[in-house]
Amino acid sequence: MNSPDAPSWVPGSGRSAVIGSLRGCAISGLRVPKEELRKKITCPDYIRLAMTEAIRAEDVDAATVLQFYEEAHVEGADPAEPPEFPLVVFINSKSGGRHGPELKARLQDLMGEEQVFELSAVKPHEFVEYGLGCLEKFASLGDNCAKEIREKLRIVVAGGDGTVGWVLGCLGELNQQDRLPVPPTGIIPLGTGNDLSRSFGWGGSFPFNWKSAIKRSLDKVARGPIAHLDSWHLLISMPAGEELEIPYSIKQTEETPLDKELEVEEELPDEVSCYQGVFYNYFSIGMDAQVAYGFHHLRNEKPYLAQGPIANKIIYSGYSCKQGWFFTPCSSDPGLRSLKNILRIYAKKVNSSTWEQVPVPSSVRSVVALNLPSYASGRNPWGNLKPEYLEKRGFVEAQADDGFLEVFGFKQGWHASMVMVELINAKHITQASAIRFELRGGEWTEAYMQVDGEPWKQPMNREVSTFVEIKRVEHRSVMVKGSE
């Protein structure tokens with residue numbers, strides 16, 4: 001347990017997750033007229049149809065795309081007027097609450113049908129390349145309406161944390177391509193935890209009065225203030241030959257070297273497989289990821305069991321007990337023992353540009369690197385720490401855009417449960433701008449990892465290490481705040 005002079009929460013914060021959820025869903029209670037909203041967010045027909053066709057054809061220069069431009073700009077035609085607040089919505093009908101089909105129909109009723117994209121049909125990178133590319137193409141031809149829509153466009157993501165991160169990652173590619181501005185993103189929470197949504201004032205759950213709440217949500221996305229979010233690049237370097245079933249936010253890449261400023265003590269394998277991705281909330285290793293892995297597999301195999309956030313959390317709790325999270329001290333299974341047996345942590349700490357090894361507490365069975373002040377449905381395991389404790393440990397106050405990850409550990413399920421209800425503290429490990437995890441199997445044949453709620457099983461090698469290296473992405477993501 002951390003020092004007693006380091007309380008992790010301020011008084012009364014136990015109700016904060018619930019209050020924040022209600023506040024985010026209620027959104028002031030002001031009535032938003034349907035027709036007025038539709039007029040302000042809906043793009044002209046030719047723009048919507050051209051973007052849809054460019055995505056379908058995978059070509060912004062296709063004749064069928066340019067035909068929409070030509071028909072809108074025939075001699076004598078009045079120039080189209082751009083909407084005041086153009087929006088595009090991505091919806092993942094598989095996220096948490098399974099409200100997708102009804103919500104999609106409601107959104108299409110509130111704006112042009114072509115401005116609502118089901119992620120099973122249109123991937124975010126396709127929209128970035130061809131949808132936004134279509135706007136940029138028309139703007140280059142002198143279309144001021146398309147130019148203004150591209151400059152003012154905002155994105156709405158209806159889904160869980162994994163879905164939001166997927167969209168943010170694809171939008172982030174605009175920075176590398178120098179295709180600015182990057183559209184700001186607001187959220188309609190459909191997942192189980194919804195920690196990204198909570199962190200930016202959009203609430204923690206899909207509202208019961210969702211038909212009227214959706215109008216207010218769209219209005220808030222259109223008018224809300226801008227905030228920023230750190231994003232973190234994840235590199236996995238592992239011995240070649242093992243297959244890895246990874247989430248969609250991580251992709252296999254060519255061999256990528258680790259940071260050369262930190263030498264690898266052990267001999268590296270002749271051939272390695274590399275995977276890269278970006279996360280926004282957290283990366284974790286250990287038993288919490290194992291529980292998430294079991295839950296996700298059950299949800300995919302038997303989706304009828306996971307019909308909403310409450311059902312999801314009940315199933316999640318069941319997996320926690322079944323897989324030994326609460327009975328670790330009684331188990332002889334090496335896969336349930338301390339991560340210290342298989343893990344080394346290196347970090348660039350606050351106010352330091354050099355790597356140093358960080359001790360792994362002997363009792364820790366789950367290590368979390370957290371970016372947001374919201375984890376596991378609105379909890380804050382890192383806590384709101386006193387200034388004197390921050391100074392003593394060399395920490396700074398945690399923010400979503402401070403350039404640091406907060407690294408802490410859970411001992412087992414009982415410890416994690418007591419942390420979540422604010423009876424004790426999480427085990428503070430470090431605060432860092434870059435982290436390297438080195439894992440070697442020993443008695444372990446596999447470990448479990450997750451990023452932003454998307455888990456996978458990581459093969460372990462007895463003789464050769466696997467590395468996970470995390471560094472901050474240069475450009476921050478642009479978010480819309482739902483409430484202060």
Side-chain angles (χ1 to χ4, degrees), residues 21-38 40-43 48 52 85-124 127 131 153-168 183 185-198 200-222 224 299-300 303-313 377 453 479-480 482-483:
S21 175
L22 294 175
R23 183 183 295 124
C25 294
I27 310 180
S28 79
L30 297 176
R31 182 176 180 273
V32 179
K34 179 177 176 179
E35 293 304 321
E36 180 181 327
L37 177 65
R38 180 185 284 127
K40 289 182 177 180
I41 65 177
T42 304
C43 297
R48 304 198 315 270
T52 302
F85 305 111
L87 299 181
V88 162
V89 178
F90 290 99
I91 180 169
N92 181 4
S93 60
K94 293 183 179 180
S95 282
R98 310 283 177 171
H99 294 288
E102 288 181 283
L103 179 57
K104 179 181 176 182
R106 176 64 170 168
L107 289 166
Q108 289 176 333
D109 184 48
L110 292 172
M111 62 177 71
E113 179 178 337
E114 297 82 7
Q115 286 173 236
V116 180
F117 296 102
E118 166 61 59
L119 284 165
S120 61
V122 176
K123 306 298 185 286
F127 170 79
L153 185 67
R154 294 190 172 192
I155 306 296
V156 183
V157 182
D161 288 342
T163 303
V164 177
W166 185 19
V167 174
L168 290 177
T185 300
I187 304 170
I188 297 173
L190 295 185
T192 303
N194 299 310
D195 291 300
L196 275 166
S197 176
R198 296 172 194 271
F200 290 93
W202 294 105
S205 61
F206 193 63
F208 291 108
N209 58 333
W210 63 272
K211 290 190 177 181
S212 57
I214 292 307
K215 290 192 296 180
R216 295 194 294 270
S217 294
L218 295 178
D219 190 62
K220 291 286 282 188
V221 176
R299 187 179 69 172
N300 291 334
Y304 56 86
L305 293 178
Q307 291 296 321
I310 294 176
N312 288 347
K313 290 173 183 176
S377 302
M479 308 297 294
V480 183
S483 63

Heavy-atom pair with the smallest gap, counting every atom of Ser483 and Gly201:
OG-O, 3.3 Å
Whether Ser197 side chain and Gly203 backbone form a donor-acceptor pair below 3.5 Å
yes
Looking at CG of Asn92 and OG of Ser120, how far apart are the two atoms once the value is rounded to the nearest 0.5 Å?
8.0 Å
Residues at least two apart in sequence or cross-chain that pass ring pair (Phe, Tyr, Trp, His ring centres under 6.0 Å) with Phe200, listed by chain then number, are none
From Ile188, Val480, Leu107, residue fulfilling side-chain contact (heavy atoms from CB on, under 4.5 Å) relative to Val156:
Ile188
Once rounded to the nearest 0.5 Å, what's the spacing between atom CG of Leu190 and atom OG1 of Thr163?
8.0 Å
Please work out which of the three classes, parallel, tilted or perpendicular, describes the rings of Phe127 and Phe117, given edges at 30° and 60°.
tilted
How many angstroms lie between CD1 in Ile155 and OG1 in Thr185, if you round to the nearest 0.5 Å?
6.0 Å
Heavy-atom closest pair, residues Gly160 and Asn194:
CA-OD1, 4.0 Å
For the residue pair Leu103 and Ala158, what are the closest heavy atoms and their distance?
CD2-CB, 3.9 Å
Give me the atom names and distance for the closest heavy-atom approach of Val167 to Pro124.
CG2-CG, 3.9 Å
Checking Lys40 now: which residues fulfil salt bridge (charged side-chain N to carboxylate O under 4.0 Å, His left out) with it, not counting sequence neighbours?
Glu36
Got a donor-acceptor contact below 3.5 angstrom from the Glu118 side chain to the Lys104 backbone?
no
Which heavy atom of Glu113 sits nearest to which heavy atom of Gln108, and what is that distance?
CG-NE2, 3.4 Å
Quick check for you: to the nearest 0.5 Å, what is the distance between Ile187 atom CD1 and Met479 atom CE?
4.0 Å
Could you tell me whether a side-chain N or O of Gln115 sits under 3.5 Å from a main-chain N or O of Cys43, the two making a donor and an acceptor?
yes
Restricting to salt bridge (charged side-chain N to carboxylate O under 4.0 Å, His left out), what partner residues turn up for Arg48, sequence neighbours left out?
Asp45, Glu114
Taking the side chain as C-beta and beyond, is there a heavy-atom pair between Arg38 and Asp109 under 4.5 Å?
yes
Can you tell me how far apart CZ (Arg154) and CG (Leu87) are? Round to the nearest 0.5 Å.
8.5 Å
What is the minimum heavy-atom distance between Val32 and Lys215, and which atoms define it?
O-NZ, 3.2 Å
Spacing of CZ belonging to Arg106 relative to CD1 belonging to Ile91, to within rounding of 0.5 Å:
13.0 Å
